[in-house]
Amino acid sequence: MKYISTRGQSPAVRFEDVVLTGLAPDGGLYVPERLPVISLQQMADWQQLSYSELAFEVIRLFVDGAIPDAKLKKMIADSYAGFSDPAVAPLQHLYYNQWVLELYCGPTLAFKDFALQLLGRLLDYFLEKRQQHVAILGATSGDTGSAALEGCKHCQFVDMFILHPHNRVSEVQRRQMTSVTGDNINNIAVEGNFDDCQEIVKKAFADQSFLPAGYQLVAVNSINWARIMAQIVYYFYAGFRLVGKYPAVSFSVPTGNFGDIYAGYLAKQMGLPIRQLIIATNRNDILHRFISSNRYHKTTLEGSLSPSMDIMVSSNFERFLFDLFKRDSKRVTQFVTSLSGNVQQVTEEEWARARAHFASYSVDDAATCATISETYKRTGYLADPHTATGIKAAAMCDTDASIPMITLATAHPAKFTAAIEQAGLPAPGLPEHMADLYSRAEHCTVLPNSLDSIKQFMQQRLAARND
Ligand SMILES: *Cc1c(COP(=O)(O)O)cnc(C)c1O
């Protein structure tokens with residue numbers, strides 16, 4: 001299987017290269033040249049598989065021989081062995097046709113562990129084979145950083161530099177990052193905001209000449225195809241729990257960068273009977289504005305109770321546009337590169353097709369709190385604020401009540417206690433394996449908000465590692 005860039009100016013590459021780069025050289029995102037389609041018979045054969053067994057069947061279609069089967073199977077089993085629930089992604093009934101898929105049983109209590117536990121192992125496998133080193137450089141406003149650190153801390157060929165805005169992430173999020181230790185781990189608190197961190201990362205990627213010879217940078221944000229690939233699996237897994245009893249399932253997905261819901265769209269294209277996909281956003285609702293009014297444009301970023309969905313532009317939306325524009329990469333490039341200050345629109349026919357794929361709803365902080373409290377009173381289920389946007393969107397969109405509606409529960413409520421308390425409920429404690437988080441030592445370097453200071457720090461650290 002080859003992977004092509006949404007912007008059409010980079011050559012097609014193999015899985016290994018997609019994993020080791022992230023963004024295509026032309027600035028586009030990689031997508032599979034052709035999506036595998038799963039027959040009904042094959043799906044029936046997969047229905048009883050455990051999570052890891054199913055993940056192996058789905059993922060090997062995309063890896064396409066780049067890793068021997070036995071090795072891949074072990075990597076996948078290892079990725080999910082540490083999850084606290086034997087089901088890995090347990091499905092819970094809420095009420096009527098409403099369900100939640102709990103995606104927070106991994107080491108950092110958010111769904112990003114599904115992708116990053118595997119990505120760390122994929123990177124180390126390919127790098128060992130090539131005897132090459134990379135540096136992961138990423139900016140995080142919270143969940144990505146800790147999941148990346150947990151996923152890559154054992155990697156022998158990877159050095160990690162994770163930037164977060166100094167004093168602007170929650171204490172649980174900060175401690176989850178700064179308590180991860182190892183010679184290859186570097187937590188950097190930048191004296192600036194999240195946008196400043198992202199700007200530094202973008203510039204460092206654009207000119208990597210500051211790195212020691214032989215090193216390159218790798219992106220671990222959701223533009224990396226391997227992350228999307230790993231997320232396709234839990235749509236099948238959840239669907240298989242209910243299809244048979246029902247003709248189809250629907251999903252409501254809390255999303256900001258369009259990563260998680262794009263994986264659901266792919267599962268549907270691959271043949272999983274998905275009736276409806278709901279995009280749930282918070283007040284940063286560029287995706288909802290597009291679906292409801294055919295207007296895609298930037299507004300100012302606002303803080304919310306669901307910070308992991310606070311974005312101005314949804315980077316993975318480019319992958320969907322590539323399909324919507326029937327793979328016309330010139331139009332994709334034109335659309336995404338003229339965003340600054342402009343409202344982008346698609347044709348009426350394209351907009352109708354987009355709405356046939358997705359419904360959407362935007363949930364503000366007040367509705368998020370109300371949903372947390374109502375859901376708890378009604379069912380005893382304590383939703384984190386991200387999950388609550390999904391539950392609310394599922395209730396507000398026009399749906400078929402005879403089809404199960406599965407909201408993706410993207411984080412454990414103990415990660416976002418401020419919202420739970422604002423909803424009038426007692427803050428939940430951390431799960432057992434993390435109960436000592438507040439007493440673990442923290443390791444972090446505070447640096448000024450400048451590209452040069454980050455570059456210098458990285459040079460020193462990498463030079464010290466190679467002595
Ligand atoms: C990252 C994240 C999201 C949004 O994920 P997308 O990749 O933007 O779809 C939602 N909830 C939580 C808890 C997250 O960490």
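By convention here, the first residue in the shown sequence is residue 1. One-based numbering, in listed order, for ligands and for the atoms of each.
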Q) With a 4.0 Å cut-off on heavy atoms, is F111 touching ligand 1? A) yes
(Q) Using 30° and 60° as the class boundaries, would you call the ring planes of Y3 and W225 parallel, tilted or perpendicular? (A) tilted
Q: Would you check the N or O atoms of F416, main chain and side chain alike, for any that come under 3.5 Å of an N or O of ligand 1?
A: no
Q.
Between K415 and D384, does any NZ, NE, NH1 or NH2 come within less than 4.0 Å of an OD or OE carboxylate oxygen?
A. no
Q | Numbered atoms of ligand 1 (with element) below 4.0 Å of A411, judged on heavy atoms | A | 13 (C)
(Q) Quick test: of every protein heavy atom, which one is nearest to atom 11 (N) of ligand 1, and how far off is it to 0.1 Å? (A) T410 OG1, 2.9 Å
Q: With E350 as reference, evaluate R331, K326, R355 under the side-chain hydrogen bond (donor to acceptor under 3.5 Å, both in side chains) test and give the passing residue.
A: R331
Q: For ligand 1, find out whether one of its N or O atoms is nearer than 3.5 Å to an N or O atom of S222.
A: no
Q.
I need the contact type for S308 against ligand 1. Using non-hydrogen atoms and a strict under-4.0 Å cut-off, is it side chain, backbone, both or neither?
A. both
Q) Taking the side chain as C-beta and beyond, is there a heavy-atom pair between L23 and L29 under 4.5 Å? A) yes
Q: Could you grab the distance from atom OG1 of T108 to atom CG of D113, nearest 0.5 Å is fine?
A: 3.5 Å
**Q.** Protein residue, atom and distance nearest to atom 8 (O) of ligand 1, heavy-atom basis
**A.** N257 N, 2.6 Å
Q: Could you check whether the rings of Y234 and F114 sit parallel, tilted or perpendicular, using 30° and 60° as the cut-offs?
A: perpendicular
Q) Using heavy atoms and a threshold below 4.0 Å, how should the contact between D260 and ligand 1 be classified: side chain, backbone, both, or neither? A) both
Q) Does any N or O atom in D143 lie less than 3.5 angstrom from one in ligand 1, N or O only? A) yes
Q | Protein contact to atom 2 (C) of ligand 1 [nearest heavy atom, distance to 0.1 Å] | A | K112 NZ, 2.4 Å
Q. At a non-hydrogen distance cut-off of under 4.0 Å, which region of M309 contacts ligand 1 (side chain, backbone, both, or neither)?
A. side chain
Q.
I'd like to check which ligand 1 atoms, numbered from 1 as shown, lie under 4.0 Å from a non-hydrogen atom of G259.
A. 6 (P), 7 (O), 9 (O)
Q.
Using a strict threshold of under 4.0 Å (side-chain N to carboxylate O), is an ion pair present between D124 and R121?
A. no
Q. Can you tell which of T387, T281, T255 gets a heavy atom nearest to atom 9 (O) of ligand 1?
A. T255
Q.
Strictly distance-based, threshold 3.5 Å: is any side-chain N or O of S338 a donor or acceptor partner for the main-chain N or O of Q334?
A. yes
Q.
Would you say that more than 12 heavy atoms from the other residues, nucleotides or ligands in this model lie under 6.0 Å from the CD of E432, or not?
A. no
